[in-house]
Amino acid sequence: MQPIEIFISYARKDELLMKELEKHLSNLKNQRIIRAWHNQQIPAGAERAEQIDHYLESAQIILLLISPDFLASRECYGVELRRAMERHQAKEAIVIPVLLRPVDWQGAPFSQLQALPQNGKPITTWKNRDEAFQNVATGIRYAIAFPHLDIDEIVQEVRQKISSDIQKRCGSMRVLDMEQPITIDSIYTTVNILEKLTGNQRRSIEELLEGCNFEDFDRFSLGRVQQKRIPGLEAVQKHDKLLILGKPGAGKTTFLKWLALQCQAGHLYANRVPIFVTLKEFAEASGRQSLIEFIAKQFAECGIENSEIVKKILLAGRSLILLDGLDEVRAEDQKHVLRTIQQTSLQFNGNQFVMTCRIAAKEYTFESFTEVEVADFDTEQIADFAFKWFQHKDPTKATEFPKALKVHPGLQELATNPLLLTLLCLVYGEQAGFPANRAELYKEGLDVLLKKWDGKRNITRDVVYKQLSLNRKEDLLSQIAFNAFTRSEYFFKQRFVEEEIQDYIRNLPDANLEPKTLQLDREAVLKSIESQHGLLVERARGIYSFSHLTFQEYFTARRIEKAEEDSTEIVCHVTEKRWREVFLLTVGMLRNADKFLLAMKREIDGILAKDEKLQQLLTFVEQKSCSTKASKASYKPAAIRAFYLALDLARDLNFALDLDLARNLDIDRSDRNLARNRNLDIDRSLALDLTLDLALARDLARAALDRAALDRAVALARDPKLKQKLQKLRSQLPSLENREHLDQWWKTNEQNWSERLRTVMIQHRNIGHNWQLTTAQKQLLNQYYEANCLLVACLNSDCYVSREVREEIEATLLLPYNRSGISTRPKPKTQPRKFGNAIDSLRRAIGWIMRSIGL
């Protein structure tokens, strides 16, 4: 077979680029496939025009090296281009434009021809020019192999034949415990991409914590990323070769399947053939096939028997190759798979490649691939996913689900992961809500990440970590979480994690205690935890955290529950807000929470034990609650004490505690159903007393500028003397119409008028005392109050606690220290009732009060 004659037409200023191209055609020359000619080869003394005409007429392929200088050259554009197009139209030669430098060539005689490189990017704009020239050489090889092929017809024919196969393999998904598959199109939520890998950023722990408060830590700060997100489709269109990295369950496979469906439907790259390859299946195929052979086999199953069709499509650069799950390839298959991907992506450079891999599993670099990272779902994506999930099954849940998440920040945090969001939707759909014991739900989510997600897809992992049972893995993670949490660390250095891992694995049976082996093992285990489950995430170079604060809290609570150590080591944190969720999770995990709750109660009682004035305040609260008609009502004394503790401190604590009371005792002020309930089992006289006291406290706190509270107090007052005094105080207030006069009057009379109102409140209702607390005392009281709210929340959670302990704690809530010792207090003689009765009574009272005062 004679070599194909190639004529190269170029402008003189592009001579260096022409010679570079000539080098890349050397392999074709060496194989005697081509013989290239250009005007640099004209011998001395020969007639230039005659030589050019001779080779231009005999060439079977004519390369036009397009640049601004080519289009400006009279010889290139006016002579060589004109004759080349005449021969092309007469089908005497194939003309191939090669884009050297950026230039406007739209409308030129060759503008309808397929140009090289195949992506239409001029060679000088490529980051790697060798890749660009290789693309051109591959395109020329293809033109030689299939000179008369109509590639558009082949592409459309192949697209048609593989359509049902793409739909079958990519059209639906079934994960976790779903009863039936769900179509990708119906559930797909737009994926966002981070163009810079978070683990590659060089930031310190201080920078990661910038603006955060350890006591009031924003749980979403752990996963917050400062860089701009871009839509996944934009990233695919921007890069010819893309490696998409992400945590387990981040939605990588779903995104790849969606790309295949969009391409097949003609919404994306309608002139390309979508080729979806599960790399695990490819790696485990018999005979160590090349990627081309594997794809040809897929095509054959769709009725495309000619194996050369694959090469024709790839040589023409007309495929979208989607390679899913690089991290799922077994260790023994990795070299073969990596080598094949590298070779295929270089050999068929003009095609679009998109590959996925778990972020920490990537220990190799594909030089031609751009690495990006899948971003966590934001609030809008969560709502969109939930709406699509529920819209056909139960439209009401489609809107209620995001609202339910807001009530539980820990669950909302987990919902940023699409896999865990799917789990939450399944649970919410089955139970019409989330379970009361969140620890059980968190455990189910962890089971998904620790075993189910890989197990359902028959993926086995390797290294030392695989030798650990599920229980040991959880023990290890619990140790890391607990030790970091007790040190107030949300972000921790890699060395800390590795030392914790080493400390754990060195105590395992058959552990190799050789220092170098331990060093290698601890590094391998850390990478395995990160890549296999995504529970530990590298937030910056050498700095880790749990993927969600919820998981760190859960594992901390698990460590407390498993250790069964002295509770005093833990309950000392009862006043720290960041420990609140850990306490709630712990009591939910304990087989019997009696000991833990009693320890909490003793710790809380000790907060105010040494402050005489605060003890006097608690004594007053007890006396006030006893003086009400509580004994005739369904309320428990503890509930009334809580009400008056909040009420009498309205001025000292900016009237916040009555709202905190509603929140921390599980009372929803906005629950209109409760407010509208007319069949409340309450003592009306007591309710009126509570409403009157609340109105008076509000008026004093609001400095009488809002007349509604004072008018309500006047209307509710049943004591004639109290009513008369309140009416007199009301009459002294100037009209609201003249605001300037009112402000002036109040500036002059505020202190005197407020003190007279306070005197009336103390004399007739025994409320409104000015306790004159110091800042330190206010802080102590706030801690005491919040800690009691936490104790009540623990009791009202789905924990197991004996009835006797419930009643002992209830009976001694908010009492002075010398009256609150539950260990010496006699057992109640009344019939035992659930602690919840007191809280339910207070809830009903507050509901009635809010309705009465128009809230």
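- For the atom pair Ser802 OG and Asp594 CG, the distance stands at 3.5 Å (nearest 0.5 Å).
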- Stepwise, does the ring pair (Phe, Tyr, Trp, His ring centres under 6.0 Å) test hold for Phe496 with Tyr544? CA-CA 9 Å; Phe496 162 78; Tyr544 283 78; over 10 Å; no
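- Gln381 contributes a side-chain N or O that, together with a main-chain N or O of Asp378, makes up a donor-acceptor pair within less than 3.5 Å.
- Lys397 places a side-chain N or O within 3.5 Å of a backbone atom of Gly429 that can act as its donor or acceptor partner.
- The NE2 atom of His573 sits 9.0 Å away from the CZ atom of Phe485 when rounded to the nearest 0.5 Å.
- Residues satisfying the salt bridge (Lys or Arg N to Asp or Glu O under 4.0 Å) test with Lys247, not counting sequence neighbours, are Asp376.
- In this model, no donor atom of one side chain and acceptor atom of the other lie less than 3.5 Å apart for Ser478 and Lys562.
- To the nearest 0.5 Å, atom CD of residue Glu561 and atom CZ of residue Arg558 are 7.5 Å apart.
- A ring-centre distance under 6.0 Å is not found for Phe546 and Phe551.
- A side-chain donor-acceptor contact under 3.5 Å links Glu413 to the backbone of Thr550.
- Note that CG of Leu781 is 9.0 Å distant from CG of Asp611, once rounded to the nearest 0.5 Å.
- Here the shortest heavy-atom pairing between Met173 and Thr254 reads SD-OG1, 4.0 Å.
- No cation-pi contact links Lys577 to Trp579, judged by a cut-off of 6.0 Å to the six-membered ring centre and 45° from its axis.
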